[in-house]
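One structure is given here, and the rest of the page talks about it.
Atoms considered below: every heavy atom in the structure, side chains included; atoms not considered: hydrogens, waters and symmetry mates.
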Amino acid sequence: MRYLIVFFLLLPLPALADTPLTAQEFDARTVGKILFFGAEGQRYGVEEYLPDRRVRWSFLDGKCRDGVWYENGPEICFLYEDNPEPQCWLFYTDGDGMRAEFATGNDPTILYEVESGDEMLCLGPDVGV
């Protein structure tokens, strides 16, 4: 019996901190904010969270894409104006910020909320002759 107890103590326990945020928790953490994200030690992108689950995303290149987000089970999915395919993520609390794990397809992208003193830059539509 003692060996059985030791065996169960050695099994990994599900991490309560790794429970994905619900849509309500995600909305409460994001609405009205501009959040910067990084991946693998590099800046990745920035997203502005507007009322009514609307968003504006940029890969930090000055080109911004408007979209919306919705709940799909534990996932938070984004639809952007230039892409009809939803981009679904699992969001987790990570320290004072969030961690996002890509849940669509086989891409193992993990993003982390990062501090930034920068503003979100949207240059507008291309102009020229």
Next item on the list: Would you mind telling me which of Phe91, Phe102, Trp89 makes a side chain to side chain contact (heavy atoms under 4.5 Å, CB included) with Leu111?
Entry: Trp89

Checklist line | Gap between atom OG1 of Thr30 and atom CG of Leu50 - 0.5 Å precision | finding: 10.0 Å

Item checked: Test applied, ring pair (Phe, Tyr, Trp, His ring centres under 6.0 Å); reference residue, Tyr49; option that passes from Phe26, Trp69, Trp57 -> Phe26

Check: Please walk me through it: do Arg43 and Ser116 pass side-chain contact (heavy atoms from CB on, under 4.5 Å)?
Finding: CA-CA 10 Å; Arg43 291 171 45 138; Ser116 177; 3.7 Å; yes

Margin query: Do Phe36 and Glu115 make a side-chain contact, defined as non-hydrogen atoms from C-beta onward lying under 4.5 Å apart?
Written below: no

Notebook entry, point to check: How close do Gly97 and Arg29 get, heavy atom to heavy atom, and via which atoms?
Noted result: O-NH2, 3.0 Å

Item checked: Asp61 atom CG, over 12 foreign heavy atoms within 6.0 Å -> yes

Notebook entry, point to check: Is the number of heavy atoms from other residues, nucleotides or ligands within 6.0 Å of CD (Gln24) greater than 12?
Noted result: yes

Item checked: Heavy-atom side-chain proximity of Arg65 to Ser58 below 4.5 angstrom -> no

Margin query: Is it the case that the side chain of Glu25 and the backbone of Thr22 share a donor-acceptor pair, with hydrogens and angles ignored and the cut-off at 3.5 Å?
Written below: yes

Note to self: Please give me the minimum heavy-atom distance between Glu71 and Arg53, naming the atom from each residue.
What the structure shows: N-NH1, 4.1 Å

Next item on the list: Identify whether Phe59 and Leu35 are in the same connected component of the hydrophobic contact network (ILVMFWY, side-chain heavy atoms under 4.5 Å).
Entry: yes

Next item on the list: Search all heavy atoms of Tyr92 against all heavy atoms of Pro20 and return the closest pair with its distance.
Entry: CE2-N, 3.5 Å

Less than 3.5 Å apart, which donor and acceptor atoms pair up between the side chains of residues 76-85 and the rest of the protein, not counting sequence neighbours?
unit_1	atom_1	unit_2	atom_2	d
Tyr80	OH	Glu47	OE2	2.7
Glu81	OE2	Asp66	N	3.3
Asn83	OD1	Glu85	N	2.9

Checklist line | Separation of Leu60 CG from Met120 CE (nearest 0.5 Å) | finding: 8.5 Å

Note to self: Could you tell me if the side chain of Arg99 sits less than 4.5 Å from the side chain of Leu21, heavy atoms only?
What the structure shows: no

Next item on the list: Can you see which heavy atom on Val46 is nearest to which on Ile34, and at what distance?
Entry: CG2-CG2, 3.4 Å

Next item on the list: Give a yes or no on whether the backbone of Cys88 and the side-chain of Thr104 come within a donor-acceptor separation of less than 3.5 Å.
Entry: yes

Next item on the list: Hydrophobic side-chain clustering at under 4.5 Å (ILVMFWY, transitive links): who's grouped with Ile110? Put none if nobody.
Entry: Tyr112

Notebook entry, point to check: Looking only at atom types and distance, does a side-chain atom of Asp52 sit under 3.5 Å from a main-chain N or O of Arg54, one as donor and one as acceptor?
Noted result: no

